[in-house]
Amino acid sequence: MDSSKNQRRLRLGLFVQPVGHHVSGWRLTENLGSPTDIDWLISLAKKAEAGTFDLFFVGDALATSMYRLPSTMARLEPLTMLSALAVNTRRIGLAATASTTFSDPFTLARSFSSLDHISRGRAAWNVVTSFSADVARNFSREDMPNHAERYGRAREFLEVADKLWAGWEEGAVQPDPVSGRYFVDDKIQPINHQGEHFQVQGPLNITRSPQGRPVIIEAGSSADGQKLAAETAEVVFTAAASLEEAQTFYRSQKDQVIAAGRNPDHVVIMPGVMPIVGRTREQAKALWKELNTLVDIDNGLRQLSLRFGIDLSDYPLDGPVPEVPLGEGNQSRVRLMTDMAKRENLTLRELSAIAAGSRGHRVIVGTAEDIADDFQRWLEQGGADGFNVMPAIMPEQLDLFIELVIPELRRRGLFHEDYEFATLRENLGLPVV
């Protein structure tokens with residue numbers, strides 16, 4: 001595909017599942033790591049940095065799941081993990097997922113500011129609202145706040161965190177041995193926030209960090225999710241099954257950013273994608289087939305039931321996917337999968353295998369050229385500013401992506417040769433705050 005007219009470059013994040021993003025990926029690797037082995041995680045971060053990925057992106061959840069998968073049953077707490085990775089890397093951005101539903105803004109603001117200091121300006125916060133009843137029961141509740149309440153709390157949570165980060169101005173630290181003054185008091189301000197969900201005095205008990213605040217990432221395609229992202233996010237992580245769906249989301253999100261009085265170029269939209277990379281197209285197809293033959297359909301059906309909020313075991317596996325009312329849970333992903341099932345005329349068995357294998361994200365199967373063609377099309381036709389890459393098998397698929405796909409993207413002028421700046425915010429083309 002001709003890249004001569006391309007004037008933009010892709011942003012790439014590595015969405016990290018330490019044992020592979022595909023549910024069966026860990027069964028095919030020759031070098032199985034552990035989600036709680038810090039040396040393994042450091043090795044993955046170093047690989048990603050050698051490939052000049054913009055982000056090392058760590059997901060999280062506050063409960064184990066019925067999926068019984070290695071990465072959902074046991075994982076390191078993301079901020080703790082990324083602090084260790086920060087001192088073993090130098091350039092790659094480090095994104096940690098943290099929930100606003102069962103956290104405290106003062107504590108999280110301090111933790112992310114600490115990570116930004118430790119990494120010298122490479123921290124990002126993936127802001128999520130918890131939706132699982134299992135999480136609620138880990139925090140002394142039997143029920144989960146409804147969708148609107150969760151997003152209302154998230155909006156105020158971000159407002160408080162932003163005030164806390166802004167409470168330390170540039171030049172607040174000016175040690176003067178002669179006068180004995182270390183701080184400039186009028187550059188350190190309390191916030192005295194009084195809101196519906198939080199009452200916070202401030203100021204934060206840590207100095208202004210290199211980026212001023214971490215890069216803010218948000219996910220979600222529901223109306224509330226898009227509105228919150230339009231007002232507060234700098235990177236939007238989403239899922240789209242087709243270019244047409246992606247274009248619709250992209251236009252909607254950017255339009256809402258403009259309506260919120262912000263520059264749409266300062267919000268980077270990065271759908272998730274699982275590339276199955278082969279040296280030949282036949283190799284890639286064979287690997288994808290092998291991965292899917294190893295999927296436990298009963299487990300996939302349980303995953304789909306949990307995500308849909310209804311028990312699907314009474315429905316015929318080889319019949320159509322039933323109509324699913326949107327509830328208070330993960331609305332955007334449910335709509336994505338049900339729309340895909342209708343569009344592609346999938347049976348319940350087929351959707352269960354896809355949902356279990358790709359965890360609801362798009363899959364590209366092919367050579368480096370096939371994948372680069374796809375990425376270029378989405379970039380140039382208004383479907384994405386970049387992608388969160390989800391290697392199916394770790395480390396083999398990550399290695400192949402770095403060896404084959406990234407050089408092809410660079411050859412087309414679609415991806416940088418090296419990091420240009422010291423901070424993540426600058427490398428993503430985001431304004432300094």
Side-chain angles (χ1 to χ4, degrees), residues 15 57-65 67 72 75 77-79 95-109 111-112 124-164 193 195-198 200 213-239 249 252-253 256-257 260 267 269-272 303 306-309 325-337 359-361 388:
F15 192 97
F57 190 111
V58 180
D60 193 36
L62 297 175
T64 58
S65 75
Y67 300 176
T72 62
R75 65 181 96 203
E77 189 282 315
L79 281 157
T97 298
S99 172
T100 59
T101 307
F102 296 107
S103 302
D104 176 85
F106 188 95
T107 303
L108 270 191
S111 296
F112 275 100
W125 174 17
N126 178 36
V127 180
V128 299
T129 64
S130 301
F131 64 89
S132 167
D134 288 335
V135 174
R137 287 189 283 271
N138 283 340
F139 289 86
S140 306
R141 288 188 58 150
E142 282 301 316
D143 60 335
M144 181 63 65
N146 65 39
H147 190 83
E149 183 181 348
R150 293 201 314 274
Y151 274 93
R153 177 184 170 93
R155 181 172 281 100
E156 187 179 343
F157 196 115
L158 282 162
E159 178 187 351
V160 174
D162 202 44
K163 287 179 180 178
L164 287 166
H193 178 88
E196 179 183 354
H197 301 280
F198 305 107
V200 182
R213 69 175 189 190
V215 171
I216 301 297
I217 305 172
E218 293 172 30
S221 302
S222 68
D224 287 332
Q226 278 199 269
K227 188 174 188 296
L228 181 64
E231 296 167 354
T232 60
E234 295 168 297
V235 176
V236 175
F237 178 36
T238 186
F249 176 85
S252 172
Q253 188 67 79
Q256 290 188 56
V257 169
V267 177
I269 296 178
M270 299 174 66
Q303 290 190 42
L306 181 65
R307 194 175 291 279
F308 281 11
L326 292 178
E328 292 291 345
N330 195 356
Q331 295 182 2
S332 58
R333 197 59 59 80
V334 171
R335 183 180 291 109
L336 175 80
M337 288 190 289
R359 309 187 201 202
H361 285 279
N388 267 316

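Given the structure is predicted, the values throughout are model-derived calculations rather than measurements.
For the atom pair Leu158 CG and Glu156 CD, the distance stands at 10.5 Å (nearest 0.5 Å).
Between Phe237 and Phe57, the ring center distance clears the sub-6.0 Å criterion.
Evaluated for a side-chain contact (heavy atoms from CB on, under 4.5 Å) with Asp60, the options Val128, Thr97, Leu79 yield exactly one hit, Thr97.
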Could you walk me through whether Arg213 and Phe112 pass the side chain to side chain contact (heavy atoms under 4.5 Å, CB included) test, one step at a time? CA-CA 8 Å; Arg213 69 175 189 190; Phe112 275 100; over 6 Å; no
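Under the 3.5 Å distance criterion, the side-chain polar atoms of Trp125 are matched with a main-chain donor or acceptor of Ala98. Side-chain atoms of Glu234 come within 3.5 Å of backbone N or O of Ile216 as a donor-acceptor pair. Counting only distance, with no hydrogens or angles, the side chain of Arg150 and the backbone of Ser130 share a donor-acceptor pair below 3.5 Å.
Inter-residue side-chain proximity for Phe157 and His197 is flagged as unmet; no heavy-atom pair is nearer than 4.5 Å. Between Phe249 and Pro271, every side-chain heavy-atom pair lies at or beyond the 4.5 Å cut-off. Counting heavy atoms from C-beta outward, Asn126 and Glu218 have side chains that stay 4.5 Å or more apart. Using a 4.5 Å cut-off on side-chain heavy atoms (C-beta onward), Ile217 and Val236 make no contact.
Phe102 meets the ring pair (Phe, Tyr, Trp, His ring centres under 6.0 Å) test with Phe139; sequence neighbours excluded.
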